[in-house]
Amino acid sequence: MKKAKKAKAENAENPKKKGGKKKLLLIPLALVVVAAVAAAVVLFVLPRFGIQLLGGEDDSPQLEEPLPKKGVQEYVVGEDVTISLDTILEEGEGELIAMRSPQKRQDDVDDKFTYIYELTSFAPVVDRYLDILLGSEQGFTMTDETYLALEERPELQDAEGALMLVRPSAVEGHLFQVVIGWSQASANLAVRVSSPEASIRQPEKESKPEPSNVSTQMEQLRAMTPAQLGLPGDTMDSYTIFPVDGFVKVDGQDCRRFNIYEKNNMGVIAGTYFFSVDQQHIYVLNSSDNTVSTIK
């Protein structure tokens with residue numbers, strides 16, 4: 001009996017000896033490390049893009065879910081469903097390594113689900129996935145974090161990135177939202193799906209002023225001084241202005257052409273001018289080398 005107690009005491013002092021329990025700690029410790037690394041993109045990359053996937057004021061704690069053997073075929077929030085990233089991954093590109101669901105489910109609308117992948121590269125995979133989500137069948141729109149629709153598709157980089165895609169939800173007044181973020185440093189990509197109460201905002205279209213008519217432009221030319229047009233004299237009363245039919249493109253501007261003559265010498269052009277239809281630019285033709293100069 002004394003020998004047995006002595007052996008137990010020695011094992012407690014020296015865990016390397018046979019009978020030690022230290023090896024049992026390796027499995028849970030490995031799981032903790034994997035979870036921490038997988039969360040890196042969620043915790044540190046996306047917040048720099050204004051997107052809080054975890055730890056935000058309105059985010060509830062999430063639970064780790066067991067991984068399905070064949071991956072996830074669809075992302076589902078209530079009645080909102082879309083194709084998952086798993087379905088476009090090719091052999092050797094990566095795999096799903098973690099799934100998280102709300103610890104306390106409120107309802108289908110407010111629930112948020114997170115899927116974390118380990119990938120070998122990011123830009124090519126995300127580009128293929130965007131082709132599907134932005135296509136007519138899935139019908140997503142890419143927006144910024146304020147739900148303002150983006151007019152151009154961004155050029156993706158492997159180093160890191162974040163994207164938000166939305167479409168009208170099955171729940172009125174909500175959007176089905178897919179947020180994607182990745183970091184090459186952690187080799188992880190996270191997808192968060194939810195159905196927030198929001199609506200897509202469209203960019204305000206820049207209003208273009210109505211193009212001026214010929215008579216308005218002629219009046220503006222007459223109101224100028226000869227010196228402003230590079231002509232001799234004190235008043236435009238000694239000149240006649242003739243418009244030329246059609247439009248001319250000068251420096252990217254649609255312009256009308258005007259020839260100005262001295263009244264006492266109508267056979268000779270005193271100057272040729274190009275007046276933009278937005279009335280913001282006037283160009284003069286240099287007859288010696290057929291170039292133009294800006295005078296307004």
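Just so you know, residue 1 is the first one in the sequence shown, and it goes up from there.
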Rounded to the nearest 0.5 Å, what separates atom [atom1] in [X] from atom [atom2] in [Y]?
{"X": "R222", "Y": "Q217", "atom1": "CZ", "atom2": "CD", "answer": "12.0 Å"}
{"X": "S212", "Y": "M218", "atom1": "OG", "atom2": "CE", "answer": "12.5 Å"}
{"X": "L148", "Y": "I200", "atom1": "CG", "atom2": "CD1", "answer": "10.5 Å"}
{"X": "D86", "Y": "E74", "atom1": "CG", "atom2": "CD", "answer": "11.0 Å"}
{"X": "N265", "Y": "T240", "atom1": "CG", "atom2": "OG1", "answer": "11.0 Å"}
{"X": "T82", "Y": "I132", "atom1": "OG1", "atom2": "CD1", "answer": "9.0 Å"}

Looking at [X] and [Y], would you say the former's side chain and the latter's main chain have a donor-acceptor pair under 3.5 Å?
{"X": "N286", "Y": "S288", "result": "no"}
{"X": "T294", "Y": "K296", "result": "no"}
{"X": "Q228", "Y": "T225", "result": "yes"}

Side-chain contact, heavy-atom cut-off 4.5 Å: [X] with [Y]?
{"X": "Q279", "Y": "T216", "value": "yes"}
{"X": "F122", "Y": "S183", "value": "no"}
{"X": "I260", "Y": "T272", "value": "no"}
{"X": "T291", "Y": "L285", "value": "no"}
{"X": "I83", "Y": "L133", "value": "yes"}
{"X": "E95", "Y": "L89", "value": "no"}
{"X": "Q177", "Y": "L165", "value": "no"}
{"X": "L163", "Y": "W182", "value": "yes"}

If Ile, Leu, Val, Met, Phe, Trp and Tyr residues are connected whenever their side-chain heavy atoms lie under 4.5 Å apart, and connections chain through other members, are [X] and [Y] in the same group?
{"X": "V76", "Y": "V193", "result": "no"}
{"X": "V214", "Y": "M224", "result": "yes"}
{"X": "L67", "Y": "F113", "result": "yes"}
{"X": "I295", "Y": "M236", "result": "yes"}
{"X": "V292", "Y": "F258", "result": "no"}

Residue pairs meeting ring-ring contact (aromatic ring centres under 6.0 Å, His included), one or both in residues 273-296, sequence neighbours left out, come to none
Write out all pairs satisfying ring-ring contact (aromatic ring centres under 6.0 Å, His included) with one or both partners inside residues 65-97, taking only residues at least two apart or from two chains. Y75-Y115
For [X], check ring-ring contact (aromatic ring centres under 6.0 Å, His included) against everything at least two apart and list the hits.
{"X": "F247", "value": "none"}
{"X": "Y129", "value": "none"}
{"X": "Y261", "value": "F242"}

If you count the non-hydrogen atoms of other residues, nucleotides and ligands that lie under 6.0 Å from NZ in K263, is the total more than 12? yes
More than 12 non-hydrogen atoms from neighbouring residues, nucleotides or ligands closer than 6.0 Å to CG on D245, yes or no? no
Is there a side chain to side chain donor-acceptor pair (under 3.5 Å) between N264 and S238 once you walk through the steps? CA-CA 8 Å; N264 59 0; S238 54; over 6 Å; no
Does I282 form a side-chain contact (heavy atoms from CB on, under 4.5 Å) with L221? I'd like the steps, not just the answer. CA-CA 10 Å; I282 300 178; L221 289 173; 4.1 Å; yes
Pairs involving residues 118-132, ordered by first then second residue, that meet salt bridge (Lys or Arg N to Asp or Glu O under 4.0 Å) (sequence neighbours left out): E93-R128, D127-R153, D131-R153
Can you see which heavy atom on [X] is nearest to which on [Y], and at what distance?
{"X": "L150", "Y": "D144", "value": "CD2-N, 4.0 Å"}
{"X": "L96", "Y": "I116", "value": "CD1-O, 3.3 Å"}
{"X": "M164", "Y": "E145", "value": "CE-CA, 3.9 Å"}
{"X": "S195", "Y": "V77", "value": "OG-CG1, 3.6 Å"}
{"X": "A270", "Y": "L231", "value": "O-CD2, 3.6 Å"}
{"X": "D158", "Y": "P124", "value": "OD1-CD, 4.0 Å"}

Step by step, would you call N188 with Y117 a side-chain contact (heavy atoms from CB on, under 4.5 Å)? CA-CA 6 Å; N188 295 143; Y117 298 82; over 6 Å; no
Chi angles and distances behind the side-chain contact (heavy atoms from CB on, under 4.5 Å) call for M99, E64: CA-CA 6 Å; M99 288 172 48; E64 294 287 335; over 6 Å; no
Does a donor on one side chain sit under 3.5 Å from an acceptor on the other, for T141 and R167? no
When you look at Q73 and S84, which way does the side chain to side chain donor-acceptor pair (under 3.5 Å) test go after all the steps? CA-CA 5 Å; Q73 300 302 303; S84 73; 5.7 Å; no
Steps toward side-chain contact (heavy atoms from CB on, under 4.5 Å) verdict (L189, I180): CA-CA 7 Å; L189 177 145; I180 308 169; 3.9 Å; yes
For the pair E65 and S101, evaluate side chain to side chain donor-acceptor pair (under 3.5 Å) and give the outcome as yes or no after the intermediate values. CA-CA 7 Å; E65 296 283 354; S101 62; 2.3 Å; yes
